[in-house]
Amino acid sequence: MGRSITPRPVSLANRPSNEVAAKRRGWVRRRSKDTPSHLGLVSQNVKTYIYAIWRVTIVWPLLCIYRVTYALFLSRTSHRVILRILMLCGLHMTCMAMALLAFGGFYYAWVPQVELSKDVWLQYGNDAPWAEVLLDSFPSDPPVWQKEARVPMFEKDQMYDVSLGLRIPVNQVNKEMGNFMVELSLVTSDGIILYESFRPVLLVPDPWAVRWTSRFWRMLWKPIFSEPVAPTQLVQVPLLRRIVPYASHAPNAPVVFRQKGYLASHAIVRIGRASNVEKNTSKQLENSTYTPVTLHPSVVQIEHATLCFNAFLSGASYLMYEYPIISLGVFFVFFSSIEVTVAGSIWLVTSAYMSWGMSD
């Protein structure tokens, strides 16, 4: 029979612990002295994150800016491109400036001052109110002996529409006036009448609500003390249409004006009804029952009168005055086409020169 092995008793005091046994068998790695603690690992991770954020937010954008700056401004290719762009922008700005100057020059040369006006200060006496207006654009009042316009207010050979603006108080006197006449005469410095016009005027008052609303609106723009007691009504009386008050030559005029032309230097305005004595004819003299009748003047009360000259425009001057933005756009397109043509010509000449140089 086999030999039996008696188990060896093991004391619990000499038995190694589980941790020691695990270390002996290699199940637990021994911690070295250089192994960081948990706080060290956290700080190391924080440093790593901060460094990554620094590179993404600061270093990488600055590096991109540096590379772009170098590619645009420091390389030879970028120098050539920038030089071409600057030349094109300079040419474009020059053409735009030329377009603006050309538009301003043509506007100044072709478009006259469209609206001209002169105040009419009426003289009241025994006859109908009248006034003599010097058609002069000089800023100061002329002396008594001044008969000619020092600075003519009209453009040469320019047609004008003439009208008279009357600001009439709406009172009982003017309402009962009925029709009255407005007479205008444009004369030269020698007293030769160039144009005459006679127009009847009838004051038709606006409704009281319209008049008082207009008065209230005017009170907002000037003191109430300068507002008249009675509301006023503006009446615009057209007198002459498409006349030439300043002509360089007039082939169809009398001999005096054919070569040197003429200039209307004065305007004589008469408003109202003048006293008139009816002339006797031969048939009226034979009639013993006829007696001459004298009409006494009826005076129109007028607060203010203005003589207006509106230039009649046609052709390019009309387009430039009525549609300035469209006209400026046309000038821009015209000069831009010149710019493109010049730039294309320079490019073709340069390309041809470079190709001939390379072929040689």
Is the count of non-hydrogen atoms from other residues, nucleotides or ligands lying under 6.0 Å from [X] atom [atom1] greater than 12?
| X | atom1 | answer |
| --- | --- | --- |
| H249 | NE2 | no |
| L62 | CG | yes |
| Q236 | CD | yes |
| Y124 | OH | yes |
| F334 | CZ | no |
| R55 | CZ | no |

Do the side chains of [Y] and [X] get nearer than 4.5 Å, heavy atoms only?
| X | Y | value |
| --- | --- | --- |
| I243 | L186 | yes |
| F257 | L194 | yes |
| H304 | W121 | yes |
| L164 | V201 | no |
| L100 | L328 | yes |
| L313 | Q158 | yes |
| P169 | N174 | yes |

When you measure from the side chain of [X] to the backbone N and O of [Y], does any donor-acceptor pair fall under 3.5 Å?
| X | Y | answer |
| --- | --- | --- |
| R199 | L239 | yes |
| S265 | S189 | yes |
| Y195 | V244 | yes |
| N310 | E115 | no |
| Y321 | P112 | no |
| S327 | L319 | yes |

Tell me whether the rings of F331 and F335 are parallel (<30°), tilted (30 to 60°) or perpendicular (>60°). parallel

Measure the acute angle between the ring planes of F154 and F309, then classify it against the limits of 30° and 60° as parallel, tilted or perpendicular. perpendicular

Indicate the atoms forming the closest heavy-atom contact of [X] with [Y], along with that distance.
| X | Y | value |
| --- | --- | --- |
| D161 | R242 | OD1-N, 2.8 Å |
| A128 | G272 | CB-C, 4.2 Å |
| L240 | E196 | CD2-O, 3.7 Å |
| Q301 | I168 | O-CG2, 3.6 Å |
| V111 | S317 | CG2-O, 3.7 Å |
| L263 | P152 | CD2-CG, 3.9 Å |

Test of understanding: clusters of I, L, V, M, F, W, Y form through side-chain heavy atoms closer than 4.5 Å, transitively. Do [X] and [Y] belong to the same one?
| X | Y | value |
| --- | --- | --- |
| L101 | M96 | no |
| V162 | I192 | yes |
| L134 | I193 | no |
| V333 | M98 | no |
| V114 | I326 | yes |

The single option from V120, V237, L307, I271 passing side chain to side chain contact (heavy atoms under 4.5 Å, CB included) against L184: L307

Check the pair Y246 / E155 against side chain to side chain contact (heavy atoms under 4.5 Å, CB included), numbers first and verdict last. CA-CA 7 Å; Y246 189 12; E155 296 289 338; over 6 Å; no

What distance do [X] atom [atom1] and [Y] atom [atom2] have between them, rounded to the nearest 0.5 Å?
| X | Y | atom1 | atom2 | result |
| --- | --- | --- | --- | --- |
| T306 | D119 | OG1 | CG | 5.0 Å |
| L86 | M93 | CG | CE | 12.5 Å |
| K118 | D136 | NZ | CG | 6.0 Å |

One pair to check against side chain to side chain contact (heavy atoms under 4.5 Å, CB included): M320 and F103. What are the steps and the verdict? CA-CA 9 Å; M320 294 179 68; F103 179 78; 4.0 Å; yes

Start with the C-alpha distance between Y318 and F312, add both sets of side-chain angles, then the distance that settles side chain to side chain contact (heavy atoms under 4.5 Å, CB included), and finish with yes or no. CA-CA 8 Å; Y318 172 79; F312 178 77; over 6 Å; no

